[in-house]
Amino acid sequence: MDKLIIQGGVPLNGRIRVSGSKNAALPILMASILVDEPITFTNVPRLRDIFTTLKLLNILGCVSTFEDDCVRVESCDLKHEAPYELVKTMRASVLCLGPLLARLGRAKVSLPGGCAIGARPVDMHLTAFERMGATFDLDSGNIMGTCEHGLTGAHIQFPFPTVGGTENVLMGAALARGETILENAAREPEITDLANFLNACGARITGQGTSIIRVQGVDRLTGCAYRIMPDRIEAGTYLAAAAITDGELVLEDCPFHELDAVVTKMREMGVWINEREDGVVARRGTELVGVDVMTMPFPGFPTDMQAQIMALMTMARGSSVIEETIFENRFMHVQELVRLGAKIRLSGRTAMVRGVESLKGAPVMASDLRASASLVVAALAARGETEVLRIYHLDRGYEGIEKKLTNVGARIRRVPE
Ligand code: UD1
């Protein structure tokens with residue numbers, strides 16, 4: 001297992017190119033199961049979760065190649081079983097459920113276990129597919145889904161705008177018989193990207209990006225070439241890194257408009273962020289000041305940026321409050337940030353951060369993907385040396401992070417633990 005060693009206190013200056021979005025690429029790659037012709041994807045980030053997805057697709061009968069940022073996939077001889085070994089390493093594996101049900105009329109997908117940031121059940125996915133005619137059994141930890149005559153369009157009302165649930169059902173509905181209406185659908189840009197991809201393959205989806213999505217099922221989907229959207233969370237993480245180190249970064253291919261809630265909060269904190277022709281520029285204004293943040297479904301403040309903005313708050317004047325409303329246990333970075341000298345008090349789903357003058361390097365442990373990112377952000381500003389242990393989480397979501405940071409002046413290296 002690798003660790004990162006970071007000598008903090010160096011302002012970051014220069015340009016970083018934002019990679020393709022992990023959370024868009026995962027469902028979109030999974031949607032290849034629905035298509036019976038070759039597809040070419042570009043701007044695919046080279047990340048652990050993407051390799052896991054391609055491995056899973058391979059087991060399910062999709063042949064793929066991955067060169068540079070380009071993935072070619074063709075579904076050949078589809079199988080219906082997603083094994084536990086893969087599902088347990090990546091919860092998003094459950095996104096093959098909709099495509100398999102739609103294409104084969106059956107699916108056996110291992111039930112994703114609990115994960116570090118909360119229980120994260122898939123009940124809303126299953127209830128929606130039941131409305132579309134599927135039945136489910138749980139057998140030895142596997143969800144066994146069947147719909148002998150394929151999925152049928154239905155009116156689905158999500159009790160909560162679940163991102164994965166919306167994506168799963170959208171994929172199933174693309175090949176279902178008749179019309180599906182998704183109400184209280186999640187509005188995340190990654191869902192819009194998935195819908196746009198499906199439409200490029202011949203699907204008939206409207207309303208993506210709003211809370212009511214309509215899908216007219218079609219008989220088949222055809223191949224196309226598609227560029228995955230850039231990663232708004234990776235971009236937001238580098239905005240935080242620019243501000244906390246008092247440097248100046250220009251982010252190329254930055255999805256500025258999808259970052260509205262993050263940019264608004266950071267500007268409130270005193271970060272200067274602007275869109276230019278050559279990218280999005282970020283630097284600290286005069287000083288950082290505390291703000292209050294509540295995580296919400298899109299277009300609200302993303303839970304996936306909660307840990308990173310908390311890192312920034314640790315060095316902002318005054319107090320900040322974060323309320324985490326999406327996941328019940330997403331504060332594992334708090335104790336580690338405290339090890340770097342941050343002053344944070346936790347009370348249920350609320351964290352109160354009191355800004356300090358400076359952080360000081362220490363060994364810290366990464367517990368999940370975004371928690372790891374927040375530790376790197378904090379370490380970049382902390383005086384002295386920070387060791388971030390267990391960075392395999394980071395490799396799930398940040399393409400070439402140490403290379404990108406080194407290029408803008410960070411003193412960071414990866415060593416085997
Ligand atoms: C996706 C993102 C993740 C992000 C999250 C919220 C991917 C691969 N992952 O995760 O990075 O943090 O959206 O923006 O895109 N829930 C249920 N039952 C369900 C489904 C969800 O109770 O059937 C709960 C979850 O436990 C969680 C909340 O709803 O508390 C939100 O989950 P959801 O929006 O589905 O997140 P994911 O798709 O898992």
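Remember, it's 1-based here, ligands and their atoms both numbered in the order they're listed.
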Derivation of the salt bridge (Lys or Arg N to Asp or Glu O under 4.0 Å) call for Arg330 and Glu324: CA-CA 7 Å; Arg330 201 172 199 178; Glu324 171 58 61; 5.2 Å; no

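- Scanning Val122, Thr303, Leu126 for the heavy atom closest to atom 6 (C) of ligand 1 points to Thr303.
- Closest to atom 3 (C) of ligand 1 by heavy atom, among Asp304, Leu369, Ile233, Leu194, is Asp304.
- Within 6.0 Å of NZ in Lys343 there are 12 or fewer heavy atoms belonging to other residues, nucleotides or ligands.
- Each of Leu4, Asp2, Ile5 was scored for a side-chain contact (heavy atoms from CB on, under 4.5 Å) with Val415, with one residue passing: Ile5.
- In the candidate list Thr295, Asn168, Val163, Val163 is nearest to atom 34 (O) of ligand 1, counting heavy atoms.
- Close approach of ligand 1 to Arg330 (heavy-atom distance below 4.0 Å) involves ligand atoms 12 (O).
- Each of the following atoms of ligand 1 lies closer than 4.0 Å to a heavy atom of Arg91: 39 (O).
- Note on Arg370 versus Asp368: no salt bridge recorded, every NZ/NE/NH1/NH2 to OD/OE distance being 4.0 Å or above.
- Atoms of ligand 1 found under 4.0 Å from any heavy atom of His125, numbered from 1 in the order shown, are 23 (O).
- The shortest N or O to N or O distance between Thr162 and ligand 1 is under 3.5 Å.
- Each of Asp395, Asp231, Asp304, Asp49 was evaluated against Lys22; a single residue qualifies, Asp49, per the salt bridge (charged side-chain N to carboxylate O under 4.0 Å, His left out) test.
- In terms of polar-atom proximity, defined here as any N/O pair under 3.5 Å, Pro121 does make such a contact with ligand 1.
- The shortest N or O to N or O distance between Asn23 and ligand 1 is under 3.5 Å.
- Of the polar atoms of Asp123, at least one N or O is found under 3.5 Å from an N or O of ligand 1, judged by distance alone.
- Under the side-chain contact (heavy atoms from CB on, under 4.5 Å) rule, Met365 has a single partner from Lys3, Gln335, Glu336, which is Glu336.
- Ligand 1 has no N or O atom lying under 3.5 Å from any N or O atom of Phe160, backbone or side chain.
- Of the N or O atoms in Gly164, one or more lie within a sub-3.5 Å distance of an N or O in ligand 1.
- Annotation: Met352, atom CE; neighbour count of heavy atoms from other residues, nucleotides and ligands within 6.0 Å is above 12.
- Here's the thing with Met124: one of its N/O atoms is less than 3.5 angstrom from an N/O atom of ligand 1.
- Tested against Glu252, the residues Arg15, Lys404, Arg17 include a single salt bridge (charged side-chain N to carboxylate O under 4.0 Å, His left out) partner, Arg15.
- Other residues, nucleotides and ligands place more than 12 heavy atoms under 6.0 Å from the CG atom of Asp123.
- Crowding of Arg390 atom CZ: a count of heavy atoms from other residues, nucleotides or ligands under 6.0 Å not exceeding 12.
- Backbone and side-chain nitrogen or oxygen atoms of Ala92 are examined, and none is located within less than 3.5 angstrom of a nitrogen or oxygen of ligand 1.
- Counting the atoms of ligand 1 from 1 in the order shown, those under 4.0 Å from a heavy atom of Ile326 are 27 (C), 28 (C), 30 (O), 31 (C).
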